[in-house]
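Before any comments, here is the structure.
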Amino acid sequence: MEYDRKSAVSSFYGARRSIDVLNDVPEPPPVPGSQYPRGAARPRAESQSSFYADRQSRASHDLLNGQSAGYNASSFFDAGRQEPLKGGRDEEEEAPGPPEAWDVFADFNNMGPRYSSAFGVAQHQDSVYHQIPAGTPNVAGNGETDNDSSLAPVELVTVPALGPEWQRAEMKQMTRSGRRELKNEERYAKWRAWNRGETGLCGTKWFTKKFLVFFIFAWCGIAAIILAITIPRVPALSFNSGTPLVAATGDFNASIPTEFSRYPANFSFPAFADIQVDTTSNIIPLTFNHIAAQVWYPSTNMQIGTGYFGKATLPAKTFPVIQIPLNFSYIAPNDTDPTWLAWYNACKNPQTYTTGVRPGVSFELLLTMDIAGLPTTSTASTQIGSAPCPIELPVNSV
């Protein structure tokens, strides 16, 4: 018979059948000289064939009691001891007694011997620990013992499997230059992503290239508006046509003496330049840090005076008037010098003239202005002809 058609049940081929250790009655050994020779079939007990009524023996004890065939106590085996029913307070008040040889209840609640130990059945493999003797021979079988095993228990250590070898690119990433190249590649990738509009600057999603263009445009517009408001404009200057030069008063007049002399030929006197400033082009007030002035005589191209105006703030959109202090001072080689002679005739007393009218004098005023808010200084100049002298010499002057 082929192996795949052979039955897997061992009892089918005459092997020993399974038995019930609780209800099976061991077969007595054969008596010598009995009527049943060894190996002959014996008749079955009455209880084993009691299921069929017509085959049951009339001498059976169950038939004498009037019980029906097939449903008596000998037709099936009871796999345990009959216990009375318990429950309620009776079971709680009853004190547990000493365990018997074997009890089905004690087998479940661990109060007595187990089923396997009561009938000699081998316990489970994991219930008993068998220690390995220290003097076990080695694998080679030469009788030598393992000293390490005899000194300490054998421990199984899980050794991890060896991984793949390091590649050249991975080893390069561990160096400083490799990390620098990796960072450069990440920066370049972020730059390309931002240039394509896929991501934003500084880890944001909204600061894209398109947003940056609008942001710069808006910032330039705001900056232009701020500069248009805050940056000052250079004002326009104009002199008083009637009296461009005004006689000095106060401390400035006392500090500079008024003098005209022939030997040596010189003159000196203080005066104010009366100037009107146009600030209509400025939105905010205009502040002068200082104004430096120079006075020139255009006919001989000689400088005849200087001036200085300190810090002052002028209102916007108006025409304020300022007076710049001027110090006229000139030294000539003799009294026939054209510059000294022209200013001397213009400043003489009007009574020395038959008509009572003094001749006018021309000059050029050059101003250097330092305005707050402008990076460089600004200059302005004007030329005035036939201006009256701001002082009058006495009648008996030389």
Side-chain angles (χ1 to χ4, degrees), residues 234-250 252-280 288 291-309 314 318-369 378-398:
V234 179
L237 304 178
S238 61
F239 285 87
N240 189 350
S241 59
T243 57
L245 296 177
V246 182
T249 58
F252 182 68
N253 186 23
S255 61
I256 301 176
T258 301
E259 181 182 0
F260 273 85
S261 176
R262 290 182 181 272
Y263 303 102
N266 61 75
F267 64 86
S268 64
F269 61 91
F272 287 140
D274 196 8
I275 301 176
Q276 187 180 41
V277 183
D278 184 7
T279 61
T280 55
F288 288 103
I291 299 176
Q294 295 178 359
V295 182
W296 295 77
Y297 186 62
S299 299
T300 59
N301 198 20
M302 298 296 293
Q303 183 177 351
I304 59 176
T306 59
Y308 182 82
F309 182 77
L314 305 180
T318 57
F319 297 91
V321 177
I322 61 175
Q323 291 181 345
I324 300 176
L326 299 177
N327 181 16
F328 288 88
S329 178
Y330 179 73
I331 299 176
N334 50 44
D335 56 355
T336 60
D337 183 77
T339 303
W340 183 90
L341 188 60
W343 282 94
Y344 176 74
N345 295 328
C347 294
K348 287 194 323 181
N349 195 290
Q351 295 180 5
T352 59
Y353 293 97
T354 59
T355 59
V357 178
R358 298 180 302 176
V361 67
S362 62
F363 67 93
E364 183 181 3
L365 184 63
L366 179 62
L367 301 177
T368 303
M369 300 174 291
S378 303
T379 59
S381 63
T382 182
Q383 187 173 356
I384 300 173
S386 301
C389 183
I391 62 173
E392 291 183 3
L393 297 176
V395 177
N396 57 355
S397 65
V398 293

For [X], give me all partners under side-chain hydrogen bond (donor to acceptor under 3.5 Å, both in side chains), at least two apart in sequence or on another chain.
X    : result
T379 : none
N240 : T243
T280 : D278
T336 : N334

With S238 via side chain to side chain contact (heavy atoms under 4.5 Å, CB included) - residues at least two apart: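 Once residues adjacent in sequence are excluded, the partners of S238 under the side chain to side chain contact (heavy atoms under 4.5 Å, CB included) criterion are Q276.
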Residues forming a side chain to side chain contact (heavy atoms under 4.5 Å, CB included) with V357, sequence neighbours excluded: T355
Compile the donor-acceptor pairs under 3.5 Å between side chains in residues 264-274 and protein atoms, sequence neighbours left out, one pair per line.
{"residue": "N266", "atom": "ND2", "partner": "P264", "partner atom": "O", "Å": "2.9"}
{"residue": "S268", "atom": "OG", "partner": "P257", "partner atom": "O", "Å": "3.4"}

Residue pairs fulfilling salt bridge (Lys or Arg N to Asp or Glu O under 4.0 Å) with at least one residue in residues 240-250, sequence neighbours excluded: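 Sorted pair list comes back empty.
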Any pair counted as salt bridge (Lys or Arg N to Asp or Glu O under 4.0 Å), so long as it reaches residues 326-343, sequence neighbours left out: R262-D335
Audit row: L326, V295, side chain to side chain contact (heavy atoms under 4.5 Å, CB included) steps and yes/no: CA-CA 8 Å; L326 299 177; V295 182; 4.0 Å; yes
Min side-chain heavy-atom separation L237-T382 under 4.5 Å: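 The answer is no; the side chains never approach within 4.5 Å.
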4.5 Å side-chain heavy-atom contact, Q383 and S362: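 With C-beta onward as the side chain, the pair stays apart.
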Side-chain polar contacts of residues 296-306 - donor-acceptor pairs under 3.5 angstrom, sequence neighbours left out - could you list them?
{"residue": "W296", "atom": "NE1", "partner": "Q294", "partner atom": "OE1", "Å": "3.3"}
{"residue": "T300", "atom": "OG1", "partner": "T339", "partner atom": "OG1", "Å": "2.7"}

Donor-acceptor contact below 3.5 Å, side chain N349 vs main chain P394: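 No, the answer is negative, given that no donor and acceptor are paired below the 3.5 Å cut-off.
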Aromatic centroids of F260 and W343 separated by under 6.0 Å: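 Not under 6.0 Å, so no.
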